[in-house]
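These notes concern the structure reproduced below.
Letters A, B, ... are given to chains in the order of the sequence lines, protein chains preceding strands, and every chain is numbered from 1.
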Protein chains: 2
Amino acid sequence: MGNSRVTVREIARLAGVSVATVSRVSNGTGQVSEEMRRRVLEAIEKYGYRPDHLGRALAARRHGALGLVFPGLSGPYFTELIQGFESEAVPARASVHILCTHLREDSDDQALEMARRVDGIAVVGGTITEPALLRLAELVPVVVLAGRGPETVPSVGVDNAPAMTMLTRHLLVDHGLRDLVFVGNPDGSPDVSQRWAGFQAAYRELDLAPPTEPLRLAMQQHDGVLATERLLGGGTPAPQAVVCANDELALGVLVGALGRGLRVPEDLVITGFDDAPMAALVSPPLTTVRQPVRELAAEAARLILNAVDAPGAAFDSVVLPTEFVVRRSCGCPAEPPTGGTGK
Amino acid sequence: MGNSRVTVREIARLAGVSVATVSRVSNGTGQVSEEMRRRVLEAIEKYGYRPDHLGRALAARRHGALGLVFPGLSGPYFTELIQGFESEAVPARASVHILCTHLREDSDDQALEMARRVDGIAVVGGTITEPALLRLAELVPVVVLAGRGPETVPSVGVDNAPAMTMLTRHLLVDHGLRDLVFVGNPDGSPDVSQRWAGFQAAYRELDLAPPTEPLRLAMQQHDGVLATERLLGGGTPAPQAVVCANDELALGVLVGALGRGLRVPEDLVITGFDDAPMAALVSPPLTTVRQPVRELAAEAARLILNAVDAPGAAFDSVVLPTEFVVRRSCGCPAEPPTGGTGK
DNA sequence: CGGTTAACAGAAACCGGTTTCAGGCACCAT
DNA sequence: ATGGTGCCTGAAACCGGTTTCTGTTAACCG
């Protein structure tokens, strides 16, 4: 297996030059005469020489790889994240290592282990402990993706709380609703934690007492279906509106609610967060908050790549803006461009 | 950055032994006296020595990494794939590199590039060209994931065609339907191609003329919504059943159909493939085919790891079984455990 | 024409490990 | 005493590159 067994020294011998010259030619560094360059390139071409990654990495003290650590892989959010990260890493000739911790006990150790194989790491907020994050940052450039880490570790995120406050305010003020329930686990991720805080803040702005407890569930579509069983299955009175921590949950709730014969938004208002592709396509279309997930991850990758190239240069945190997207599921009339009013 | 600057030679000096001994102790290879081992371990502990990955990899001619190449990252299918792969790689102390080709022009080159950074690669069927696959297999152990490659390259997949034939036969025979439309692009992936073939085969079994063209769409949920627009938007007469290439499409079609006021399965029958978590939770629950996606990827990882450990040992292709899951969306009565019949 | 300088090439050191190989030593059987 | 046998150990070679440092050569200048 492998014709790629041809090394610098062989090429050097075949071209009748020194290894230094071969290295210079293959890297385009230093001064090489036209004659030498031609001879070397000829040999490289002829024998199909490709410099070995490990040798090069060892000498250069650089792996040419970036790491991405996240808790689990569920739904469009994480796939967008990965793709955004990848889209920035690949052009920089950096390969992407992933680590999916599943919130295992040894997540911290595995992240530390990864640090020894890559040049920089993006960690999704809430995936590893804060001490581990700090130790990680001592080894390689680190950025926290979607969330905030310790002061010294830069992060890339969106303005979750204000966005959620705006959305909640819309329901409370413009639609006059009072009995809202928030679905999502604030302890699960910084994102959700901030959204929960923003949700409560909207109540306080109006001198209302906010709900004290969210409906704690994971973030997948089927958790949303589960939520409808809890909320609409009798027992407690049904809420007026379900404010979901992300679109997937909202879609699940929507499917569950429609499945029970409820009309949305007449009988139940539902909102999401993310503006996933499906949000605009379901009926009624979902009122949500658009966040630039892909761009978020791309920005993280860029920050890391910069930090790798220019060690020492402090790099700042970034907060990307969100956009409140009003559609039909909150009770607003159908948007003009969609045509047709109401149901 | 990094206290991890301590090397074998330093430890050797500090412990008053040779580097060979340090290497032997840290790897547990060869014979080392108790006294030496103690001294070395003490030094390792004291100075926090961790062998450098690159040095080790270079010397051992092994990267300690596995690659996973796929076209794009959409929906639960790919996330399950990644997690299954990862779950097998991590315990083997192999890191996971991913490459998301997006079907770019240079996919082949990028895959070959990856081959020089990992010990083995799993390629999702249809992601790179066949010649590239062959060249790849010359460099490292390769397995095709979900699909079949050239004879010489082993693959891991499921029995797509028979499963889809069984499902289609169920609609044709048990429900007496005739006007079915298949949604999915057979040119997009071997999986879909096989399912499309199985779909047509069911017609032929009954001496019926199968549809000649599928509705060619991508595989995401919103493509399913798109499908309803094409199929139910007037123009052509609506079909009796929509046979989707995967569950995501089916969920999209379901959402789209319900949004148009259709009753499922009374007005329109819908089926999926995969048995994603949501399939059982929507109403009506989705008739589909369960395939062990996670196990598929795990098996691929195992095959590769074995091939890496025992080079030369031929390794065979694997076909995992599927299971036909009958629920309500095909027109069958609600399952007993679910309780409640019909709507 | 002698001396300075710039351009270029190669020998050797280096990155951080693993592994081969030869030798030292203790122990045992002749 | 001698030779053989195992067990340990360390020097040195090796993995495949990059980079420093030294030296040669030719061009240029006064």
Surrounding CZ of A:R294 (heavy atoms of other residues, nucleotides or ligands, distance under 6.0 Å), is the total greater than 12?
yes
Would you say the side-chain atoms of B:R104 and B:Q110 include a donor-acceptor pair closer than 3.5 Å?
yes
Assess, by modelled atom type and distance only, whether the side chains of B:R24 and B:Q31 contain a donor and an acceptor separated by less than 3.5 Å.
no
Per-nucleotide protein contact string for nucleotides 5-16 of chain C (B base, S sugar-phosphate only, - none; heavy atom under 4.0 Å):
---SBBBB--BB
Side-chain donor/acceptor of B:D119 to backbone N/O of B:L66, under 3.5 Å
no
Could you tell me whether A:E105 atom CD has more than 12 heavy atoms of other residues or ligands within 6.0 Å of it?
no
